[in-house]
Amino acid sequence: MSANLQLDSQGRLVHLLTTEGLPRSLILHILDTAAQFVSVNEREVKKVPLLRGKSIFNVFFENSTRTRTTFEIAAKRLSADVINLNIGSSSTAKGETLLDTVWNLQAMDADMFVVRHAEAGAPHLIARHVKPGVHVVNAGDGRHAHPTQGLLDMYTIRHYKQDFSRLVVAIVGDVLHSRVARSQIHALTTLGVPEVRVVGPKTLLPKDVERLGVRVFHDVAAGLRDCDVVITLRLQNERMSGPLLPSAGEFNKTYGLTPEKLALAKPDAIVMHPGPINRGVEIDSGVADGTHSVIMPQVTFGIAVRMAVMAILAGNDR
Ligand code: CP
């Protein structure tokens with residue numbers, strides 16, 4: 001999959017498909033722009049006219065609570081018109097192809113597509129077939145990428161820890177099936193985090209994951225020791241092709257984040273999770289709702305980060 005599809009010849013963002021290959025300066029520009037929108041979102045009138053007259057289509061072929069809703073809120077706060085295509089009642093059920101659906105929506109003057117799809121590469125396919133000036137944002141494709149989640153996670157880490165260059169970050173759980181983990185790893189390494197760890201059983205870590213610049217831990221105590229940031233991931237059963245674990249209960253005993261395991265991390269460690277959480281599986285309620293958890297701020301920051309991405313994309317048309 002070509003990461004370069006998302007940048008024009010001058011290095012400006014035309015689509016957001018992956019964090020892989022995104023220059024550090026561009027990631028920081030997105031985070032800095034998001035910081036301005038955090039201020040907008042704290043005002044009584046949470047609206048700016050940047051995308052007035054633009055039409056943004058949310059096209060979600062997979063379920064979503066956080067991503068779809070925060071993209072809608074973000075687009076509305078930028079004054080865009082938002083259209084949520086209901087895939088369940090769309091003509092996809094009558095055999096219309098993905099590209100035919102997109103071309104028909106494009107004929108309704110779409111300016112931007114926000115796309116979630118179970119097939120890795122679907123947003124890239126769309127990006128290759130839309131008219132110049134129409135932007136595509138990947139809202140999660142298969143196990144490949146979820147770039148705005150990765151970016152909002154970087155925003156959250158910077159908010160609480162300020163300096164990426166001194167951090168130890170552990171990503172714990174089902175990394176194998178996680179598009180979020182891949183997007184986080186690319187962003188964390190680009191931003192200069194010196195130690196990114198992946199922690200989990202062999203069956204839930206990608207082969208050769210070290211090539212992404214991470215350290216591998218199968219022992220959870222060693223993996224969590226002295227971490228600044230602990231990111232937990234749910235078991236993504238919908239993408240598993242067979243049984244990779246004895247049971248969810250066994251996984252919880254070994255890798256589930258409990259207050260006792262979290263005590264191995266630094267005393268001021270933050271706990272993150274992209275959601276949805278499965279309480280009592282990858283994370284105990286005492287941790288999810290505890291003082292180290294920044295899971296709800298992640299969701300809130302997601303609005304500003306998605307505003308930033310859409311504003312930057314639309315701004316590059318001018
Ligand atoms: N984190 C995330 O993508 O959540 P949703 O599936 O609810 O959008």
Side-chain angles (χ1 to χ4, degrees), residues 16-20 30-31 34 56-77 82-88 112-123 136-157 159 169 171-188 198 204 229-240 257 270-279 281-283 287-289 293-310:
L16 179 64
L17 304 173
T18 170
T19 55
E20 184 176 6
I30 293 169
L31 302 189
I56 298 184
F57 283 69
N58 276 331
V59 187
F60 278 56
F61 290 87
E62 247 191 16
N63 293 350
S64 170
T65 296
R66 282 145 290 271
T67 311
R68 201 202 61 75
T69 313
T70 53
F71 263 113
E72 181 173 352
I73 296 168
K76 286 180 171 167
R77 288 189 183 172
V82 188
I83 300 92
N84 293 306
L85 186 69
N86 184 344
I87 296 299
M112 202 176 292
F113 290 104
V114 178
V115 181
R116 170 169 290 191
H117 205 286
E119 290 296 323
V136 179
V137 181
N138 181 0
D141 62 327
R143 59 166 90 168
H144 171 243
H146 192 349
T148 57
Q149 179 70 46
L151 291 168
L152 77 87
D153 293 335
M154 298 309 110
Y155 188 95
T156 306
I157 292 171
H159 177 84
V169 178
I171 304 173
V172 186
D174 182 5
V175 177
L176 179 64
H177 301 96
S178 176
R179 54 196 176 205
V180 173
R182 283 171 183 74
S183 291
Q184 289 166 338
I185 291 167
H186 291 307
L188 288 165
V198 292
L204 292 181
V229 178
V230 182
I231 302 173
T232 48
L233 300 172
R234 73 183 171 90
L235 297 172
Q236 289 135 92
N237 294 306
E238 72 276 21
R239 290 184 212 119
M240 288 187 194
L257 195 60
I270 56 170
V271 173
M272 298 171 58
H273 193 309
I277 64 171
N278 288 155
R279 293 173 185 266
V281 183
E282 76 278 6
I283 189 165
V287 176
D289 306 326
S293 172
V294 298
I295 297 172
M296 291 303 122
Q298 282 177 266
V299 177
T300 307
F301 290 142
I303 298 172
V305 170
R306 289 172 174 132
M307 288 171 82
V309 167
M310 290 192 282

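Atoms within each ligand, like the ligands themselves, are counted from 1 in listed order. Just so you know, these numbers use all the heavy atoms, side chains as well, and skip hydrogens, waters and symmetry mates.
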Over all heavy atoms of both residues, which pair between Phe301 and Thr156 is shortest? Give the atoms and the distance, please.
CD1-OG1, 3.5 Å

Is a side-chain N or O of Arg116 found less than 3.5 angstrom from the main chain of His146, in a donor-acceptor match?
no

Asp174/Arg143 salt bridge by N-O under 4.0 Å criterion:
no

Any residue meeting side chain to side chain donor-acceptor pair (under 3.5 Å) with Thr70, in chain and number order, not counting sequence neighbours
Arg306

Select all protein residues for which some heavy-atom-to-ligand 1 distance is less than 4.0 Å, and list them by chain and number.
Ser64, Thr65, Arg66, Thr67, Arg116, His146, Gln149, Pro274, Gly275

Charged N to carboxylate O under 4.0 angstrom, Glu72 versus Arg66?
no

Between the side chains of Glu238 and His177, is a donor N or O closer than 3.5 angstrom to an acceptor N or O?
no

